[in-house]
**Q** 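Quick one: structure below, then a few questions.
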Amino acid sequence: VSWQCDFIFRRIALRLGIFGGTFDPIHNGHLRAAEEVAEQLKLNKVLFIPSANPPHRMPPEASPHHRWAMTCLAVGGNSVFYGSDLEIKRPGKSYTVDTLSAISRQFPRAKKYLIMGADQSLALPLWHQAELLPRYCRIVVMTRPGITLSEFFSSMREYPKWFNRRNVQLLQVSALDISSTEIRKRIKQNRSIRYLVPKEVMQYISRHRLYLAK
Ligand code: ATP
Ligand code: MG
């Protein structure tokens, strides 16, 4: 079935969401926000892409293998969500521009939306070859607790010309104040993470003893 799906997806004008992250681990904040973006933009498919070597932050705590496995468990059961191992498989730094160019080759007719939280968007203009991103996709910024709308709009004014309302769109989503940092911290403190992550992800974390105090 998979090659048939690929064949069809190549030919239809798919509305495709692209959601990258460290996903260390993936949590309900990611899933709920992506669900609302998919609903509002009528996306046919959202690719969750864990990054292997994120260039702008500390190395993730869990290995790419574990983060990929948790991402697959989390998106299972939603017919719009898919995991993509594009960045996990690609050696070197995980630059979004390379990912977008690979996805464009894979889905030449798709209308692409790069999805990110408002915290991430503040640093977006500093990314590697950021000015090329609008050639590939529209950028969709989801609201996130901790970042005010005025911080977001003032960064729009400060940053380069391409970072404007024509290329970047803000979407209001339910404010779930969940972060992977907080989840890793709770695990180290032996506190519960139930209902912050899908059940399958919680079981995977405990089975593989991830994020325990070192
Ligand atoms: P960490 O605390 O390790 O940075 P995180 O919770 O921010 O983890 P990331 O993997 O860094 O998760 O985030 C991937 C993408 O998802 C980013 O664009 C981020 O802004 C967005 N995101 C993460 N959590 C939320 C949330 N609760 N609501 C909306 N967007 C979110
Ligand atoms: Mg983050």
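Predicted model only: the values in this text are computed from it and were never measured. Position 1 is the first residue of the sequence; numbering continues from there. Each ligand, and each atom within it, is numbered from 1 in the order the structure gives.
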**Q** Minimum heavy-atom separation for Ala34 to Met142, with atom names?
**A**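 Smallest interatomic distance, heavy atoms only, reads N-SD, 4.3 Å.
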**Q** Can a donor-acceptor pair be found, under 3.5 Å and without considering hydrogens, that links the side chain of Asn164 to the backbone of Lys161?
**A**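 Confirmed, Asn164 side chain pairs with Lys161 backbone.
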**Q** Hey, is the main chain of Trp162 close enough, under 3.5 Å, to the side chain of Asn167 for a donor-acceptor pair?
**A**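 Confirmed, Asn167 side chain pairs with Trp162 backbone.
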**Q** Out of all atoms in ligand 1, which are within 4.0 Å of some heavy atom of Ser179? Include the element for each.
**A**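 Answer for ligand 1: 2 (O), 6 (O).
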**Q** Need the ligand 1 atom indices (1-based, order shown) with element for anything under 4.0 Å from a heavy-atom of His27.
**A**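 In order of number, 6 (O), 24 (N).
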**Q** Quick one: nearest non-hydrogen protein atom to atom 12 (O) of ligand 1, plus distance?
**A**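 The protein heavy atom lying closest is His30 NE2, 2.9 Å.
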**Q** Can any side-chain N or O of Arg186 pair as donor or acceptor with the backbone N or O of Arg191 at less than 3.5 Å?
**A**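 Checked: no pair found.
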**Q** What protein heavy atom is closest to atom 2 (O) of ligand 1, reported as residue, atom name and distance in Å?
**A**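 Answer for atom 2 (O) of ligand 1: Thr181 OG1, 2.4 Å.
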**Q** Could you tell me, atom by atom, which parts of ligand 1 come under 4.0 Å of a heavy atom of Thr143?
**A**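 Answer, ordered by atom number: 29 (C).
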**Q** Looking at Phe19, which atoms of ligand 1 are within less than 4.0 Å of one of its heavy atoms?
**A**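 By the 4.0 Å cutoff, the relevant atoms are 15 (C), 16 (O).
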**Q** So, applying side-chain hydrogen bond (donor to acceptor under 3.5 Å, both in side chains) with Arg90, which one of Asn53, Thr99, Asp85 is it?
**A**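 The residue from Asn53, Thr99, Asp85 that satisfies side-chain hydrogen bond (donor to acceptor under 3.5 Å, both in side chains) with Arg90 turns out to be Thr99.
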**Q** Does Ser154 use its side chain to pair, donor to acceptor, with the backbone of Ser150 at less than 3.5 Å?
**A**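 Checking the backbone N and O of Ser150 against the side chain of Ser154, a donor-acceptor pair under 3.5 Å is found.
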**Q** For ligand 1, which atoms have a heavy atom of Met142 less than 4.0 angstrom away?
**A**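 Every atom of ligand 1 under 4.0 Å from some heavy atom of Met142: 30 (N).
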**Q** Give me the residue, atom name and distance of the protein heavy atom closest to atom 27 (N) of ligand 1.
**A**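 Here the closest protein heavy atom is Leu176 O, 2.9 Å.
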**Q** Please determine if Asp24 has a nitrogen or oxygen closer than 3.5 Å to a nitrogen or oxygen of ligand 1.
**A**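 No - when backbone and side-chain N and O of Asp24 are compared with those of ligand 1, no distance drops under 3.5 Å.
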**Q** Counting each atom of ligand 1 from 1 as listed, which ones have a heavy atom of Phe23 under 4.0 Å away?
**A**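 Answer, ordered by atom number: 10 (O).
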**Q** Could you tell me whether the side chain of Ser180 and the main chain of Phe23 form a donor-acceptor pair under 3.5 Å?
**A**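 Looks like no, no N/O pair under 3.5 Å.
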**Q** Given that the side chain starts at C-beta and the backbone is N, CA, C, O, which of these parts of Arg184 lies under 4.0 Å from ligand 1, counting heavy atoms, or is it both or neither?
**A**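 Contact part for Arg184 vs ligand 1: side chain (C-beta onward).
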**Q** Could you check which of Gln120, Glu182, Arg144 puts a non-hydrogen atom nearest to atom 7 (O) of ligand 1?
**A**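 Selected option, by shortest heavy-atom distance: Arg144.
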**Q** Just jot down the ligand 1 atoms closer than 4.0 angstrom to any heavy atom of Met116, in number order.
**A**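 Ligand 1 atoms under the 4.0 Å threshold to Met116: 18 (O).
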**Q** Among all protein heavy atoms in this structure, tell me which lies nearest to atom 18 (O) of ligand 1, with the distance rounded to 0.1 Å.
**A**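 So the nearest neighbour among protein heavy atoms is Gly117 N, 2.9 Å.
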**Q** Below a 4.0 angstrom heavy-atom separation, can you tell me which part of Ile178, side chain or backbone, both or neither, approaches ligand 1?
**A**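 Under 4.0 Å from ligand 1, Ile178 contributes backbone atoms alone.
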**Q** Can a donor-acceptor pair be found between the side chains of Ser179 and Arg144 at a distance below 3.5 Å?
**A**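 No, no side-chain donor-acceptor pair sits under 3.5 Å.
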**Q** Check for me whether Lys112 meets the cation-pi criterion with Tyr136, that is, NZ or CZ under 6.0 Å from the six-membered ring centre and within 45 degrees of the ring axis.
**A**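 Relative to the ring axis of Tyr136, which defines the angle, Lys112 lies outside at least one limit.
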**Q** Run the numbers for me: atoms of ligand 1, each under 4.0 Å from some heavy atom of Gly21, listed by number.
**A**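 What qualifies from ligand 1 is 10 (O), 14 (C).
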**Q** Taking only non-hydrogen atoms of Gly20, do any sit less than 4.0 angstrom from ligand 1?
**A**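 It does, in that a heavy atom of Gly20 comes within the 4.0 Å cut-off of ligand 1.
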**Q** Please check if the side chain of Asn28 supplies one atom and the backbone of Tyr195 the other of a donor-acceptor pair under 3.5 Å.
**A**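 Yes: the side chain of Asn28 pairs with the backbone of Tyr195.
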**Q** Nearest to atom 20 (O) of ligand 1, what protein heavy atom do you find, and at what distance?
**A**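 Protein heavy atom with the smallest distance to atom 20 (O) of ligand 1: Asp119 OD1, 2.5 Å.
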**Q** For atom 11 (O) of ligand 1, which protein heavy atom lies nearest, and how many Å away is it?
**A**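 Protein heavy atom at minimum distance: Arg57 NH1, 3.3 Å.
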**Q** Between Ser84 and Ile49, is there a donor-acceptor pair closer than 3.5 Å when you use the side chain of the first and the backbone of the second?
**A**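 Not at all, since once roles are kept as given, no pair shorter than 3.5 Å links the two residues.
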**Q** Do the non-hydrogen side-chain atoms of Tyr82 and Leu16 ever get within less than 4.5 Å of each other?
**A**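 Sidechains of Leu16 and Tyr82: no contact.
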